[in-house]
Amino acid sequence: MAEPIRVCITGAAGQIGYSLVYMVGSGAVFGPDTPVILHLLDIKPMMTVLNGVCMEISDCALPCVRDVIATDDPAVAFKDIESAFLVGSMPRKEGMERKDLLAANVKIFKVQGAALEQYAKKSVKVLVVGNPANTNALICAKYAPSIPRENFSAMTRLDQNRAQAQISAKLGIPVTDVKNVIIWGNHSSTQFPDVRHASAIVNGQTVSVYDAIKDDAFLKGEFITSVQKRGAAVIAARKLSSAMSAAKAACDHMRSIWEGTSEGHFVSMGVFSDGSYNLPEGVMYSFPVTIKDKKWSIVQGLPIDDFAQEMMDKSAKELCEERDDAIAVCED
Ligand SMILES: NC(=O)c1ccc[n+]([C@@H]2O[C@H](COP(=O)([O-])OP(=O)(O)OC[C@H]3O[C@@H](n4cnc5c(N)ncnc54)[C@H](O)[C@@H]3O)[C@@H](O)[C@H]2O)c1
Ligand SMILES: O=C(O)C[C@H](O)C(=O)O
């Protein structure tokens with residue numbers, strides 16, 4: 001067996017944490033032959049609950065789990081970690097937008113950025129799940145200046161998975177036969193789920209999703225809005241925000257970083273914008289990326305029509321506003 005990897009999960013006593021600790025412990029992210037030492041962080045009042053989670057991890061008898069450290073101290077939680085899932089923060093309730101969480105959550109990511117700076121390995125890969133995820137990731141990176149900013153990313157993989165699942169249902173094909181669906185922009189209702197560059201295997205042939213569906217009105221209308229509003233639909237139904245699917249997406253995201261993307265495939269994640277596709281720099285924007293040796297590169301040169309550029313710009317504008325609000329909150 002390989003050397004163990006120290007992996008931190010924040011908000012480990014919460015809903016997403018409950019699914020995520022099991023998935024990471026079962027080898028779904030770093031592989032069945034890589035042992036993990038789980039560093040589980042939550043706040044002091046949740047330590048009894050977290051203790052119960054630890055009992056259950058033990059009772060799962062997971063072969064990959066070498067040790068579990070449960071704590072309310074970021075100094076302990078982030079010590080020498082190589083991978084971090086930053087989940088711990090408040091979820092939205094029915095009727096709220098994710099950016100309504102900014103004032104409550106962004107300071108958590110300021111404090112945790114500073115703690116990562118002090119205690120984590122400089123090579124740590126940090127995935128921000130807590131909402132508003134793109135802007136929280138931006139702030140977290142800002143307060144961890146000695147960790148390369150490319151090591152921070154925000155989760156839009158759940159949106160990608162949702163879009164992929166919708167296309168597979170529409171075409172009546174397995175979800176694995178749909179590839180290269182893109183999520184552009186913010187993990188919010190301004191995101192742009194884009195299938196212009198996606199392909200699918202239909203009757204044994206690889207075809208463009210656009211040509212296979214042949215329904216411009218659906219792809220520019222209902223498809224986009226249903227992905228944009230899926231999180232709210234789950235909250236309306238469950239009275240709680242998505243958890244199992246969010247944990248699965250977080251695992252997919254981190255596994256893509258660890259394993260890389262395969263030839264001809266790309267995935268979407270919120271990363272530092274370098275101004276590609278005429279979008280503003282200095283925000284965490286979800287782009288299609290390929291990944292090799294744990295480093296992502298934005299897929300370049302995709303043809304973008306006027307409809308797409310308008311959608312992409314709208315989400316960029318929202319991210320610039322969120323960034324300015326977040327900086328103001330942190331400097332308060
Ligand atoms: N990016 C995405 O696709 C996506 C998907 C689903 C949920 N989310 C977000 O993930 C976050 C967590 O959702 P949940 O359903 O697990 O919420 P939850 O309330 O069930 O759990 C959150 C946990 O975080 C803990 N916590 C709060 N502040 C903390 C801190 N400073 N340090 C460590 N832990 C802290 C809480 O005590 C709680 O145990 C929310 O912000 C939610 O909106 C994002
Ligand atoms: O919608 C939410 O608030 C939770 C999460 O971001 C989701 O997309 O399900």
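Counting convention: from 1, in listed order, for ligands and their atoms alike.
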For ligand 1, which is the ligand I care about here, please tell me if [X] has any N or O atom under 3.5 Å from one of the ligand's N or O atoms.
| X | answer |
| --- | --- |
| L101 | no |
| M90 | yes |
| G17 | no |
| N131 | yes |
| D42 | yes |

Would you mind checking which non-hydrogen protein atom is closest to [atom], with the distance to 0.1 Å?
| atom | answer |
| --- | --- |
| atom 17 (O) of ligand 1 | P91 CG, 3.5 Å |
| atom 23 (C) of ligand 1 | G11 CA, 3.6 Å |
| atom 27 (C) of ligand 1 | S89 N, 3.8 Å |
| atom 21 (O) of ligand 1 | G14 CA, 3.3 Å |
| atom 11 (C) of ligand 1 | V87 O, 3.3 Å |
| atom 16 (O) of ligand 1 | I16 N, 3.0 Å |
| atom 44 (C) of ligand 1 | V129 O, 2.9 Å |
| atom 20 (O) of ligand 1 | Q15 N, 2.9 Å |

Completion exercise
Note: heavy atom closest to atom 30 (C) of ligand 1, options L240, I43, L50, L158, belongs to I43

Those atoms of ligand 1 less than 4.0 Å from some heavy atom in [X]:
| X | answer |
| --- | --- |
| S241 | 15 (O) |
| A246 | 5 (C), 6 (C) |
| M46 | 37 (O), 39 (O) |
| S242 | 5 (C), 6 (C) |
| G130 | 9 (C), 10 (O), 11 (C), 41 (O) |

Problem - Within one Ile-Leu-Val-Met-Phe-Trp-Tyr cluster: V329 and V128, side-chain cutoff 4.5 Å - result: no

Handout entry: Cluster check I81, I37: I/L/V/M/F/W/Y, side chain < 4.5 angstrom
Key = no

Within the 4.5 Å heavy-atom criterion, are [X] and [Y] side-chain neighbours or not?
| X | Y | answer |
| --- | --- | --- |
| V68 | L40 | yes |
| R196 | P303 | no |
| I257 | S153 | yes |

Exercise for the section: Say whether Q112 and ligand 1 are in contact under the criterion: heavy-atom distance to a ligand atom below 4.0 Å. Expected result: yes

Handout entry: Sub-4.0 Å heavy-atom approach of A243 to ligand 1
Key =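 For ligand 1, residue contact (heavy atoms, under 4.0 Å) with A243 is absent.
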
Fill in the blank from the handout: Short version for M155: what comes under 4.0 Å of ligand 1, heavy atoms counted, is both

Electrostatic pair [X]:[Y] at N-O distance under 4.0 angstrom:
| X | Y | answer |
| --- | --- | --- |
| E321 | K99 | no |
| D80 | R6 | no |
| D313 | K317 | no |

For atom [atom1] of [X], decide whether the heavy atoms of other residues, nucleotides or ligands shown that lie under 6.0 angstrom number more than 12.
| X | atom1 | value |
| --- | --- | --- |
| M244 | CE | no |
| K122 | NZ | yes |
| R162 | CZ | yes |
| Q300 | CD | yes |
| M47 | CE | yes |

Exercise for the section: Kindly confirm or rule out a cation-pi arrangement of K170 over F223, judged by NZ or CZ under 6.0 Å from the six-membered ring centre and within 45° of its axis? Expected result: no

Handout entry: side chain to side chain contact (heavy atoms under 4.5 Å, CB included), paired with Q191, selected from N134, D159, N186
Key = D159

Which pairs of nitrogen or oxygen atoms, taken one from ligand 2 and one from the protein, are under 3.5 angstrom apart?
unit_1, atom_1, unit_2, atom_2, d
ligand 2, 1 (O), R92, NE, 3.1
ligand 2, 1 (O), R92, NH2, 2.7
ligand 2, 1 (O), R98, NE, 3.3
ligand 2, 1 (O), R98, NH2, 3.1
ligand 2, 3 (O), R92, NE, 2.5
ligand 2, 6 (O), R98, NE, 2.8
ligand 2, 6 (O), N131, ND2, 2.8
ligand 2, 6 (O), H187, NE2, 2.6
ligand 2, 8 (O), R98, NH2, 2.9
ligand 2, 8 (O), R162, NH1, 2.9
ligand 2, 8 (O), R162, NH2, 3.4
ligand 2, 8 (O), H187, NE2, 3.3
ligand 2, 9 (O), R162, NH2, 2.7
ligand 2, 9 (O), S242, OG, 2.7

Problem - Plane angle bin for F287 and W184 - parallel if under 30°, tilted between 30 and 60°, otherwise perpendicular - result: perpendicular

Problem - Check: E259 side chain, S256 main-chain N or O, donor-acceptor pair, under 3.5 Å - result: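 Flag not set: sc E259 to bb S256 has no pair under 3.5 Å.
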
